[in-house]
Amino acid sequence: LRGCGGKRQSKQILVLGLDGAGKTSVLHSLATNQVKRSVAPTQGFNAICINTEESQMEFLEIGGGESLRSYWKMYLPQVLLLIYVVDSADHARLPVAKELLHQLIENNSTLPVVVLANKQDLEGAYCITDIHDALALSDIGDKRKMFLIGTHVAEDGSEISSSMKDAKELIAELFLELQ
Ligand SMILES: Nc1nc2c(ncn2[C@@H]2O[C@H](COP(=O)(O)OP(=O)(O)OP(=O)(O)O)[C@@H](O)[C@H]2O)c(=O)[nH]1
Ligand SMILES: [Mg+2]
């Protein structure tokens with residue numbers, strides 16, 4: 001794979017989570033600082049470069065549809081950081097989201113994980129503590145860096161939410177630190 005700007009890129013940031021969690025929408029907001037909610041499921045992969053003052057980050061989203069989940073694991077070895085996006089209002093599927101996350105990282109005790117509790121704007125969204133419990137994040141290991149941030153992708157056309165700015169800053173800092 002060629003990285004950002006055609007350069008050979010060593011390590012990527014992998015973006016996973018169930019279909020509909022908001023991965024593409026979040027990536028778009030992070031990349032453009034503008035909101036444009038995604039309109040279609042990702043069929044396969046979605047690679048995005050984000051430039052900050054200090055670095056060039058390459059994100060790789062793999063779609064969350066059932067047929068694509070078997071590919072998730074294949075990308076883990078070459079990854080610097082895992083961003084796991086959940087729909088905070090999708091109570092019915094949080095147990096599945098939890099299972100998949102735990103399975104993914106059970107054999108990798110040090111991979112840093114940033115969990116985005118997305119769709120915090122929705123009425124029925126679980127708050128951060130509830131998401132922490134629902135995903136059993138305290139069982140994820142104490143050797144790894146683990147962060148949980150609430151985010152939402154605001155209405156189309158508006159500027160990105162402050163939570164999204166915080167997430168971007170955190171990810172950029174981690175990226176620099178981990179390289
Ligand atoms: N209300 C609300 N809707 C959101 C938010 N983020 C994404 N959406 C909507 O959720 C739907 C799914 O968003 P996507 O970004 O396509 O989700 P995805 O995780 O990339 O899904 P796959 O590519 O199928 O794995 C779209 O209709 C988005 O507009 C959010 O924070 N709040
Ligand atoms: Mg997508």
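One finds a salt bridge joining Arg93 and Asp19 here, because a Lys/Arg side-chain nitrogen approaches an Asp/Glu carboxylate oxygen to under 4.0 Å.
Smallest separation of non-hydrogen atoms from Leu82 and Val79: N-CG1, 4.3 Å. Closest of all the heavy-atom pairs between Pro112 and Leu81 is O-CD1, 3.6 Å. Across all their heavy atoms, Pro77 and Met74 have their closest contact at CD-O, 3.5 Å. Summarising the geometry of Leu68 relative to Gly44, their closest heavy-atom pair is CD1-N, 3.5 Å, with the distance given to 0.1 Å. Residue Leu60 comes nearest to Ala47 through the heavy atom pair CD1-CB, 4.1 Å, listed as atom of the first residue, atom of the second, then distance. When all heavy atoms of Ile128 and Ile149 are compared, the pair lying nearest together is CD1-C, 4.1 Å.
For the atom pair Ile50 CD1 and His28 NE2, the distance stands at 10.0 Å (nearest 0.5 Å). Annotation: the span from Ser29 atom OG to Glu159 atom CD amounts to 11.0 Å, rounded to 0.5 Å. Put simply, NZ on Lys23 and CG on Leu14 are 10.5 Å apart, with the number rounded to the nearest 0.5 Å. Atom CG of residue Asp121 and atom CG of residue Asn118 lie 7.5 Å apart, to the nearest 0.5 angstrom. Within the model, atoms CE of Met164 and OG of Ser25 stand 8.5 Å from one another, a figure rounded to the nearest 0.5 Å. The OG atom of Ser161 sits 10.5 Å away from the CD atom of Gln120 when rounded to the nearest 0.5 Å.
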>> Does Leu104 form a side chain to side chain contact (heavy atoms under 4.5 Å, CB included) with Leu100? I'd like the steps, not just the answer.
In response: CA-CA 6 Å; Leu104 258 173; Leu100 292 174; 5.7 Å; no
> Please walk me through it: do Gln12 and Phe59 pass side chain to side chain contact (heavy atoms under 4.5 Å, CB included)?
Replying inline: CA-CA 6 Å; Gln12 293 162 321; Phe59 291 78; over 6 Å; no
> For Lys168 and Glu173, what are the C-alpha separation, side-chain angles and deciding distance, and is it a salt bridge (Lys or Arg N to Asp or Glu O under 4.0 Å)?
Replying inline: CA-CA 9 Å; Lys168 186 170 177 174; Glu173 267 173 36; over 6 Å; no
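Taking the side chain as every heavy atom from C-beta outward, Ser88 and Leu122 never approach each other to under 4.5 Å. Side-chain contact check for Met57 versus Cys49: every heavy-atom pair is 4.5 Å or farther apart. Val113 places none of its side-chain heavy atoms less than 4.5 Å from the side chain of Leu137. Side-chain contact between Leu16 and Val85 is absent, with no heavy-atom pair separated by less than 4.5 Å. Looking at heavy atoms from C-beta onward, Thr32 lies out of side-chain contact with Ile160 at the 4.5 angstrom threshold. Proximity of Ile131 to Leu94: side-chain heavy atoms (C-beta onward) are separated by under 4.5 Å at one or more points. Side-chain contact between Lys119 and His152 is absent, with no heavy atoms from C-beta onward closer than 4.5 Å. Under the 4.5 Å side-chain criterion, counting only non-hydrogen atoms from C-beta, Ile48 is not in contact with Glu61.
Partners of Phe147 by side-chain contact (heavy atoms from CB on, under 4.5 Å), not counting sequence neighbours, listed by chain and number: Val114, Lys145, Leu170, Leu174. In this view, Ala97 and Leu18, Tyr84, Val86, Leu135 satisfy the side-chain contact (heavy atoms from CB on, under 4.5 Å) rule, not counting sequence neighbours.
Counted within 6.0 Å of OH on Tyr71, heavy atoms from surrounding residues, nucleotides or ligands total 12 or fewer; the atom is thus considered open. In this structure, Asp142 places its CG atom where only 12 or fewer heavy-atom neighbours from other residues, nucleotides or ligands lie under 6.0 Å away. Around the CD atom of Glu66, the shell of radius 6.0 Å holds no more than 12 heavy atoms that belong to other residues, nucleotides or ligands.
For Thr42 (side chain) and Phe45 (main-chain N/O), no donor-acceptor pair under 3.5 Å exists by modelled atom type. Of the possible polar contacts, none joining the Asn51 side chain to the Gln56 backbone as a donor-acceptor pair under 3.5 Å is found. Under the 3.5 Å distance criterion, the side-chain polar atoms of His102 are left unmatched by any main-chain donor or acceptor of Asp139. Judged by distance alone, the side chain of Gln179 and the main-chain N or O of Lys11 form no donor-acceptor pair under 3.5 Å. Judged by distance alone, with hydrogens and angles left aside, the side-chain atoms of Trp72 form no donor-acceptor pair with the main-chain N or O of Gly17 at under 3.5 Å. One N or O on the side chain of Arg144 and one on the backbone of Asn108 form a donor-acceptor pair closer than 3.5 Å.
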